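These notes concern the structure reproduced below.
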Amino acid sequence: MSTPVIFYPPLSQKVTELNPVISSIVGNRVELQLLTTLTCNLKCTYCSLGVGEVVGSQGKVSYTPDVLDAFIKKHLSEYEVYVTFYGGEPTLNLDFIKEIMGRYPTFRFQLQTNGTLLDSLPDNVLSNLSNILISIDGGEEITDGFRGRGIYRQIVKNAQAVRDRLAGTFTARVTWSSEETSFEELDELASTFDYVYFQFVAGEGTYTPAAMEKKKAVITQLVDKFFANKGLYSIIPIMGIVRNKVLPTRATELYHGKTQCRVSTHILNVMPDGKIFPCPDMMYVPEMLQGDVIANWLKPSPLQPHPDMPCDRCEAQPWCRGNCMKNLYLAYVKNDQRYRDNVVDPICDLVRFLGREIDRHDPLAWYARAPLDVRKTLRDCEVYEYVEIMP
Ligand code: SF4
Ligand code: SF4
C-alpha cells in the first residue's frame, strides 16, 4: 500500500495543525513532462514505451492549451514549474512546443529528443531550452545497431549544427544496453557533450555474468578518470553519487528523502490525451493513474516506497534512495521474480559496485582539494533536476 504524503503547503491554503492538507506535489518545484505526441520517427529496439504498447498508441496532444492552463492554475500555481517536452519524438509536434513556450515565459524548458530533427528547430525555441537530453547508446556501431544505420552521425552532426544557437546545456542520455559499450565510447561522449547521463537498461538477457564483469570494468575506468581529471569529469551518475556522499542532504532535499528520479514527489507525465502518470515507463498500468488534465484532477503519486522493497537493508540507500521505483515496484511489490533476478538485482549490484569504486578514491578528500568552480558545479548542477541521477 502506498502512503499518502502529508505536508503543509504554501500559506495561501488554509491549513491547521489538526487539519493538514494532503498535497499532490511534495516540495516547491514540479516537473511537467508533456508528451507532445506518442509517435516517433525511429524504431529503437529497446524503447521503454514499447512495453504495454504505449508508443504510437496516441497521436498529438488532444487537450487544448486553455485546458492545460486551467489545470496549471488549479494545481501548480504555488510551485516553480519546469517543463520537459517528451514523446514519442517531441519535435514532431513543434507547434505545441512553441505554444507552451509562448504562454509561460517564466518557466524553464527542457527537451528530450532522439536528435534527428534538432537542426530544424527555430532559434527562439533553441535559445529557450535550459537543457537538451539527446538519446544515444554509446558509439556509432552500437547506436546504429539499436536505432538504425547512420543515426549516430546524424545526431552528432545535428548537435554540432545547433550548438552555437543553444543557450543551455547539452546532455547525452545513454541507455547502457550493450555489453560491448566501452570506456572509450562513453569518454568520447563526455568530450562531445556538456554532460553524459547513463542508465542501465531494463532488459532481460542483458546481465549475464560476463556482461556484468564487462560493465564493472568500464565503471572502474570511468571512476578512475573522474578522480584523476583536472576539471570536472561530467558524468552525471558519478557526479551525483559523489555529491550525495560528500553532501548527504543534497540527496534528500528536493525529494523529501525519496527517489531522486522524482516519481514519488514532483514529476507529472502528461500523455497526449491528458492522463497523468508518475513514471513514463508505467503509463500502461491503470493503478498508476495520478490525474487528468482534461478532467482537472490530481492526487499524490501512487508510486511510493513500499516495505517489501529492499532499500532499507541496502548499503547504497543513503545515496541511491531507491532508484528505480518502477523496477522495485515490479520486482518486489508485484513480485515478478524473473524480472527481479534478471534485471533489478543485477542493476542494484552495479549501483552498489559504483558506490564502492567511488569510495576507493576517498570522495571527501577529493572534494576538499577541488577548486571552487568544480565544487560548485558538482553541488548545484541543474542537470540533476532533469535526469534520474542514479544509473
Ligand atoms: S541499490 Fe537497489 S536496493 Fe539499494 S538503495 Fe538502490 S534501488 Fe534500493
Ligand atoms: S528511474 Fe524513475 S522515472 Fe525512470 S523508469 Fe525508474 S521509476 Fe520511472
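Here, residue 1 is the first one in the sequence, and each next residue gets the next number. What you are looking at is a predicted structure, and each value in this text was computed from that prediction instead of being measured. Just follow the structure's listing: the first ligand is 1, and inside any ligand the first atom is 1. Values reported hereafter were calculated over all heavy atoms of this structure, with side chains retained and with hydrogens, waters and symmetry mates removed.
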Counting from 1 in the order shown, the ligand 1 atoms closer than 4.0 Å to a non-hydrogen atom of Cys314 are 1 (S), 3 (S), 4 (Fe), 5 (S)
The atoms of ligand 1 lying under 4.0 Å from a heavy atom of Gln317, numbered in the order shown, are 5 (S)
For Gln112, the side-chain contact (heavy atoms from CB on, under 4.5 Å) test, sequence neighbours excluded, returns Thr84, Tyr86, Leu133, Ser135, Arg173
Ala161 meets the side-chain contact (heavy atoms from CB on, under 4.5 Å) criterion, sequence neighbours left out, with none
Check your understanding: Would you say the side chains of Glu180 and Ser178 form a donor-acceptor pair under 3.5 Å?
Key -> no
Practice problem: Would you check if there is a donor-acceptor pair between the side chains of Arg340 and Asn327 at a distance under 3.5 Å? | Solution: no
N/O/S of Cys311 less than 2.8 Å from atom 6 (Fe) of ligand 1?
no
Separation between CZ (Arg321) and NE2 (His256), nearest 0.5 Å, reads 12.5 Å
Quiz prompt | Short side-chain to backbone donor-acceptor contact, Ser24 and Leu298, under 3.5 Å | solution = yes
Chain-and-number sorted residues having a heavy-atom contact under 4.0 Å with ligand 2 are Gln199, Cys261, Val263, Cys279, Pro280, Asp281, Cys324, Met325, Lys326, Glu388
For Leu92, the other hydrophobic cluster members (4.5 Å side-chain criterion, sorted by chain and number) are Leu117
